[in-house]
Student: 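Next up is a structure, given as structure tokens.
Because only heavy atoms are used, hydrogens play no part in the values below, and waters and symmetry mates are left out as well, while side chains stay in. Just so you know, these numbers come straight off a predicted model, no measurement behind them.
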Amino acid sequence: MEGDFGSQQQHRASIKSPVGNQAGQRRRQQAVQIGKERRDAVVRAKRLRRGDGIQNGDFLESHDLHMEGDVSGTNFLEEKTLTAVQALKEAAAATGKDASRKKIEVLRQVRSLLSSNASPPLSVAVQAGVVPVLVDCLAFGSSEEQLLEAAWSLTNIASGEHELTRAVLPALPMLISHLGDKSAATVAEQCAWAIGNVAGEGEEMRDILLAQGALHPLARLISSPFPSLARTAAWAMSNLIKGPSPRAASDLMKIEGMAQVLVGQMMKGDDELLVELAWVMVYLTSMSDGHSGILLSVGLLPVLVNKLATSDSSAVLTPILRCLGNIVAGDNSKTDAVLTAGGDVPGGIIGALSRCLDMGHRTMQKEAAWAVSNIAAGSTLQKRMVFQGGAIPSLLHILATAAFDVRKEAAYALGNVCVAPKAKGKEVEPIVEHLTVLVDRGCIPGFLALVKSPDMEAARLGLQFLELVMRGLPGGLGPKVVEKEDGIAAMEVLQFHVNNELRVMANTLVDKYFGEDYGLEEEYGSEVVDMIKGSEENSDYPPWRQGGVVHG
């Protein structure tokens, strides 16, 4: 075990046993994971667009049709959908002066049925053959209303499960084409929405969209003067670039002036747009430190820091925290830039992060603790700023009371505060002042709880901190403090763990700090201990009794 809580370059994973390139990989994995969590934490990765019911014709939306599990309502919807799809096929094949008007009426009915309740009959419509007809309705030269209705239905189909999303693939070339300059804003927005739903399905779909050229027209729409269109384009872009492949993010950053456009749009004061753009920033900063540097150079930090210090919205703060956490996971110069940018807000960056730690919102606590842990894994000055900046009481409270995953993030932050930056080829050294304060404030039980947990990463983290305490507390008090909190029993359990690394770590620590001689000096005095050791060394015990190997 290295016992490392301090690595200058690979911030986030610095307290783990040998990490190599693990920190950067985990940062990217976390960016992908937060994308998956958007469904619960902020917004859905895929969005169904709802709408009004048809008020003309023989279909009227009713309360009964919105009741989950209502069999008669479900059957009615399915029957109406089959009828509507068949009517659309007939209207699409019809000619004459009223053909266009009739087609739009039926399109509107299909769209309404596919927007009608929490579980619209999407599969029924697809199986009835609606997608090819909708694709034909996207033909150039069609009216704005026809294009909008067709794209809307495709959007909702793409919001469904994987096979439903795949069913929309034949429509992608036309949907992408209608993102162009000549399209009405309403049509372009609806097509961007459909593309965002397809991109939200996974990497395979994102690769298809990229191959068909969706990135550049979406990027152009982000700077649209129409706020709703800009927001939808930014949301679709965040789905398109979120990885795990860095290709799309890199291609976006290669567009001339794109960094300035993204930051400039964030400065406009529209919080809804800022949220979507902040998620774009999350994925850009997670894929490359180079991206972070470019974005910082065009003024990203003042926007992030201002919102961090002033917003109370979880929808705003979640991506802001994630983005800042990615930035301070880079080199120390970027962390210094973040800390400097916080000079204009009360309490600085650490104070603003502490505010998020104290909000009681699980996602924000976890993100804020992760960001603090990255800062605390930096230079000695950065560690001291965390220690003196007001975050320690909040982190200790979280370590003792929060949900398990949040406690683990707080433990990383507290551990990183307690070690000096590691010199090459040398053992990590504790910052005694920080370590002593944390132990005096009762952090040991929180770390012991991690040792006892079934999570191997958490158990390793807890053992590393215990090793730091036993080695680093002045006056040789470390082992006694750990023993007082029943730490020996916690480590002895791991001596038989199925994981070899944890087993070796636990055995090494117990043998080193609580071996046969532990407590003898305190009970009998140093002279007696020296005499016992001397007699053992000079004994006539056979080699196997002295730990040697018998040959022959």
Side-chain angles (χ1 to χ4, degrees), residues 38-39 43-55 59 61 65-68 73-74 76-89 92 103-138 142 144-176 178-179 186-202 205 208-209 214 228-229 231-233 235-236 239-240:
R38 289 180 70 177
R39 181 181 301 274
V43 293
R44 291 175 61 91
K46 299 166 90 174
R47 300 173 175 175
L48 177 77
R49 181 176 180 183
R50 303 201 182 281
D52 298 328
I54 298 298
Q55 298 301 320
F59 171 70
E61 234 177 0
L65 299 187
H66 291 268
M67 294 177 64
E68 292 293 327
T74 299
F76 179 70
L77 270 178
E78 292 179 354
E79 290 170 5
K80 296 302 295 183
T81 300
L82 290 171
T83 301
V85 171
Q86 182 58 39
L88 179 59
K89 292 178 178 179
K103 182 160 61 174
I104 290 174
E105 288 178 0
V106 182
L107 269 172
R108 193 182 300 120
Q109 184 175 353
V110 170
R111 179 266 298 167
S112 185
L113 287 160
L114 299 184
S115 316
S116 56
N117 69 1
S119 301
L122 304 176
S123 296
V124 173
V126 170
Q127 291 168 8
V130 75
V131 171
V133 188
L134 293 174
V135 173
D136 290 342
C137 290
L138 291 175
S142 302
E144 178 180 338
E145 187 174 7
Q146 177 175 312
L147 293 171
L148 177 61
E149 294 290 351
W152 189 338
S153 289
L154 289 164
T155 296
N156 286 355
I157 293 170
S159 74
E161 300 300 325
H162 180 75
E163 291 307 315
L164 289 171
T165 307
R166 287 195 64 86
V168 176
L169 293 183
L172 293 185
M174 294 305 299
L175 290 170
I176 294 169
H178 286 299
L179 299 177
T186 55
V187 173
E189 179 179 359
Q190 195 59 62
C191 291
W193 192 332
I195 289 167
N197 277 347
V198 174
E201 183 57 35
M205 299 299 179
I208 292 171
L209 285 166
S228 181
L229 174 54
R231 288 193 295 266
T232 301
W235 167 76
N239 272 354
L240 188 61

Student: Would you please name every residue forming a side-chain hydrogen bond (donor to acceptor under 3.5 Å, both in side chains) with Q127, sequence neighbours left out?
Tutor: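 Applying side-chain hydrogen bond (donor to acceptor under 3.5 Å, both in side chains) to Q127 gives none.
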Student: Looking only at heavy atoms, what is the nearest atom pair of W235 and W193, with distance?
Tutor: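 Closest approach of W235 to W193, heavy atoms only: CZ3-O, 3.6 Å.
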Student: Okay, side chain of K89, backbone of A128: is any donor-acceptor separation there less than 3.5 Å?
Tutor: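 Yes; at least one donor-acceptor contact below 3.5 Å.
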Student: Identify, with sequence neighbours excluded, every residue that meets side-chain contact (heavy atoms from CB on, under 4.5 Å) alongside E161.
Tutor: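 With neighbours one apart ignored, the set is empty.
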Student: Can you name the residues that form a side-chain contact (heavy atoms from CB on, under 4.5 Å) with A192, not counting sequence neighbours?
Tutor: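 Listed in chain order: L179, L218, T232.
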Student: Can you name the residues that form a side-chain hydrogen bond (donor to acceptor under 3.5 Å, both in side chains) with Q86, not counting sequence neighbours?
Tutor: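 Q86: side-chain hydrogen bond (donor to acceptor under 3.5 Å, both in side chains) contacts with E90.
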Student: Out of curiosity, L77 CG to S119 OG, how far, rounded to the nearest 0.5 Å?
Tutor: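 It is 10.0 Å, given to the nearest 0.5 Å.
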Student: Under the side-chain contact (heavy atoms from CB on, under 4.5 Å) criterion, do Q190 and V187 qualify, and how do the steps go?
Tutor: CA-CA 5 Å; Q190 195 59 62; V187 173; 5.9 Å; no
Student: Can you name the residues that form a salt bridge (Lys or Arg N to Asp or Glu O under 4.0 Å) with R49, not counting sequence neighbours?
Tutor: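 For R49, no residue satisfies salt bridge (Lys or Arg N to Asp or Glu O under 4.0 Å) once neighbours in sequence are set aside.
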Student: What distance separates M205 CE from L172 CG, expressed to the nearest 0.5 Å?
Tutor: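 Going from CE on M205 over to CG on L172, the span is 8.5 Å.
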Student: What pair of heavy atoms forms the shortest contact from A194 to A158, and how long is it?
Tutor: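 Reported closest heavy-atom pair: O-CB, 4.2 Å.
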Student: If you compare all heavy atoms of A171 against all heavy atoms of L154, which two are closest, and at what distance to 0.1 Å?
Tutor: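 Reported closest heavy-atom pair: CB-CD1, 3.8 Å.
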Student: Counting N and O atoms only, with roles assigned by atom type, does the side chain of N239 sit under 3.5 Å from a partner on the main chain of A199, one being a donor and the other an acceptor?
Tutor: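 Looks like no, no N/O pair under 3.5 Å.
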Student: Report the residues that fulfil salt bridge (Lys or Arg N to Asp or Glu O under 4.0 Å) with E145, sequence neighbours left out, ordered by chain and then residue number.
Tutor: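 In terms of salt bridge (Lys or Arg N to Asp or Glu O under 4.0 Å), with neighbours along the sequence ignored, E145 is linked to R108.
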Student: Determine the minimum heavy-atom distance between V131 and A167, stating which atoms define it.
Tutor: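 Heavy atoms of V131 and A167 come nearest at CG1-O, 3.3 Å.
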Student: Does A87 have any side-chain contact (heavy atoms from CB on, under 4.5 Å) partners at least two apart in sequence or in another chain, and if so, which?
Tutor: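 So A87 forms a side-chain contact (heavy atoms from CB on, under 4.5 Å) with V106.
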Student: When rounded to the nearest 0.5 angstrom, what is the spacing between CD1 in I104 and CG in L88?
Tutor: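 Reported value, rounded in 0.5 Å steps: 11.5 Å.
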Student: What distance do R50 atom CZ and S115 atom OG have between them, rounded to the nearest 0.5 Å?
Tutor: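 Answer for the CZ-OG pair, R50 versus S115, is 8.0 Å.
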Student: Please round to the nearest 0.5 Å and tell me the distance separating atom SG of C191 and atom CG of L148.
Tutor: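 Taking SG in C191 and CG in L148, the distance rounds to 8.5 Å.
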Student: Sequence neighbours excluded, which residues qualify as side-chain contact (heavy atoms from CB on, under 4.5 Å) partners of A84?
Tutor: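 Q109, V110, L113.
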Student: Would you name the heavy atoms of L107 and C137 that are closest together and state the gap between them?
Tutor: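 Answer, listing the atom of L107 first, then C137: CD1-SG, 3.9 Å.
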Student: Which residues satisfy the side-chain hydrogen bond (donor to acceptor under 3.5 Å, both in side chains) test with N197, sequence neighbours excluded?
Tutor: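 N197: no side-chain hydrogen bond (donor to acceptor under 3.5 Å, both in side chains) contacts found.
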Student: Does anything in residues 187-202 form a salt bridge (charged side-chain N to carboxylate O under 4.0 Å, His left out)? List the pairs, not counting sequence neighbours.
Tutor: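 Matches after skipping sequence neighbours: K46-E201.
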Student: Rounded to the nearest 0.5 Å, what's the gap from CG on N156 to CG on L48? Could you check?
Tutor: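 Interatomic distance, N156 CG to L48 CG, rounded to 0.5 Å: 4.0 Å.
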Student: Taking side-chain hydrogen bond (donor to acceptor under 3.5 Å, both in side chains) as the definition, give me every residue that meets it alongside S142, ordered by chain and number, with sequence neighbours left out.
Tutor: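 If we apply the side-chain hydrogen bond (donor to acceptor under 3.5 Å, both in side chains) test to S142, skipping adjacent residues, the hits are Q146.
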Student: Looking only at heavy atoms, which two atoms of A236 and G196 are closest? And how far apart?
Tutor: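 Looking at all heavy atoms of both residues, the shortest contact is CB-CA, 3.7 Å.
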Student: Taking the side chain as every heavy atom from C-beta outward, state whether L134 and I157 have any atom pair closer than 4.5 Å.
Tutor: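 When only atoms from C-beta onward are counted, I157 and L134 do touch, with a gap below 4.5 Å.
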Student: Do L82 and E79 make a side-chain contact, defined as non-hydrogen atoms from C-beta onward lying under 4.5 Å apart?
Tutor: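 SC-SC contact between L82 and E79 ruled out.
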